[in-house]
Amino acid sequence: MSAPFTIAIDGPAAAGKGTISRAVAAHYGFEHLDTGLLYRAVGAKVLLGVDPVQAAQRLVTADLDSDDLRSPEVAQAASKVAAIAAVRAALLDFQRSFARRAGGAVLDGRDIGTVICPEAEAKLFVTASPEVRAERRFAELSAQGTAISRAQVLADVKERDARDRSRAEAPLLPAKDAVEIDTSEMSIEAAIATAIAAIEARRR
Ligand code: C5P
């Protein structure tokens with residue numbers, strides 16, 4: 001078994017973290033965890049009337065499989081429960097063990113390089129302008145058949161950014177040693193190549 005090697009990929013909503021993380025994980029043969037799904041799964045349960053802390057404490061991997069987790073309502077609910085310290089605490093051990101698993105791991109989220117795995121061997125902070133991110137999210141939601149306006153998607157992205165950045169617990173911010181990648185003007189291929197080049201620089 002090879003030693004742990006953690007790649008932490010943080011950044012705001014729809015900056016390209018998911019696409020980059022999946023490509024990086026495939027490139028290195030590492031396991032990937034989209035940590036936003038944990039908060040989305042808790043948010044989805046809260047929308048059904050469950051207490052957020054209990055939902056987080058009782059979360060099981062099967063809860064992460066539902067397609068409903070991608071909706072705008074669940075995204076907003078996720079960012080609200082993510083501000084609760086006891087919710088974050090309940091999800092910590094699972095993420096930490098995943099990060100240090102043998103064979104290598106890629107985790108994407110908001111606080112991977114700062115809180116979950118400050119010792120990560122490579123840290124990226126992926127950003128893009130709110131307008132570009134809203135346009136990408138609008139295209140995704142339209143493709144999945146969700147009826148929503150561009151203006152609403154932009155307002156949602158800005159609201160979630162503001163909440164994620166200003167919260168007291170694990171706010172969204174780049175780790176000091178993170179490499180920042182602005183994907184606003186990049187193709188997917190260029191963003192993936194830039195990410196892999198930055199990780200390679202840390203592997204040497
Ligand atoms: O990445 P995604 O958009 O799926 O995340 C949904 C919400 O979950 C974010 O807006 C954020 O509030 C929260 N989150 C978090 N920490 C993470 C991942 C996601 O607080 N590591």
Side-chain angles (χ1 to χ4, degrees), residues 6-22 24-25 32-47 52-53 55-56 59 63-100 105-118 120 123-128 130 132-141 144 146 148 152-175 178 181 183:
T6 311
I7 302 174
I9 304 188
D10 291 306
K17 299 187 301 292
T19 308
I20 293 175
S21 300
R22 283 188 295 275
V24 162
H32 168 227
L33 178 66
D34 169 359
T35 63
L37 280 182
L38 304 173
Y39 296 91
R40 285 174 182 261
V42 174
K45 294 207 182 246
V46 169
L47 292 177
V53 178
L59 209 65
D63 294 331
L64 308 180
D65 277 341
S66 160
D67 283 346
D68 301 344
L69 300 184
R70 291 283 156 216
S71 75
E73 296 75 24
V74 170
Q76 287 296 347
S79 115
K80 288 180 189 156
V81 301
I84 305 171
V87 166
R88 306 199 72 86
L91 302 175
L92 196 69
D93 285 350
F94 173 71
Q95 295 177 83
R96 285 206 171 136
S97 341
F98 190 98
R100 298 316 272 169
V106 181
L107 288 84
D108 71 286
R110 303 290 186 290
D111 64 338
I112 308 304
T114 49
V115 175
I116 302 297
C117 196
K123 298 181 189 176
L124 306 180
F125 194 80
V126 180
T127 62
V132 166
R133 291 187 287 118
E135 194 55 42
R136 289 177 187 159
R137 186 45 55 89
F138 176 72
E140 261 171 45
L141 290 169
Q144 116 200 344
T146 307
I148 190 164
Q152 186 59 51
V153 176
L154 179 59
D156 279 357
V157 160
K158 287 185 171 167
E159 185 185 335
R160 212 140 62 89
D161 281 359
R163 199 183 293 118
D164 291 349
R165 288 199 167 103
S166 65
R167 67 186 179 213
E169 286 300 317
L172 168 65
L173 89 182
I181 302 177
T183 67

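Counting starts at 1 for both ligands and their atoms, following the listed order.
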among protein heavy atoms, the one nearest atom 4 (O) of ligand 1 is R40 NE, 2.5 Å

re atom 1 (O) of ligand 1, the protein heavy-atom contact at minimum distance is R110 NH1, 2.9 Å

Exercise for the section: Carefully, step by step, assess Q76 and D156 under the rule side chain to side chain contact (heavy atoms under 4.5 Å, CB included). Expected result: CA-CA 8 Å; Q76 287 296 347; D156 279 357; 3.6 Å; yes

For the 3.5 Å polar cut-off, considering only N or O atoms, please tell me whether T35 and ligand 1 meet it. yes

Hey, is ligand 1 close enough to R160 that some N/O pair sits below 3.5 Å?
-> yes

Of all heavy-atom pairs linking A55 and K45, the shortest is CB-CB, 3.9 Å

| query | Is R88 in polar range of ligand 1, meaning some N or O pair under 3.5 Å apart? | reply | yes

closest protein heavy atom to atom 11 (C) of ligand 1 is D164 OD2, 3.3 Å

Looking only at distances, please establish whether an N/O atom of ligand 1 is found under 3.5 Å from an N/O atom of R137.
no

(request) Report yes if some heavy atom in the side chain of R88 is under 4.5 Å from a heavy atom in the side chain of D111; otherwise report no. (result) yes

Numbered in order shown, the ligand 1 atoms found under 4.0 Å of a heavy atom of G109 are 17 (C), 18 (C), 21 (N)

> R167 to ligand 1: N or O pair under 3.5 Å?
Replying inline: yes

Check: Hey, is E159 close enough to R163 for a salt bridge, meaning N to O under 4.0 Å?
Finding: yes

heavy-atom search around atom 13 (C) of ligand 1 in the protein gives A82 CB, 3.7 Å

salt_bridge(R110, D164) N-O dist < 4.0 Å
yes

Handout entry: Close side-chain approach of V74 to L47, heavy-atom, < 4.5 Å
Key = yes

closest protein heavy atom to atom 14 (N) of ligand 1 is Y39 CD1, 3.6 Å

Between A14 and R133, the two heavy atoms sitting closest are O-CG, 3.2 Å

Problem - Pairing of D34 and R70 as salt bridge, 4.0 angstrom limit - result: yes

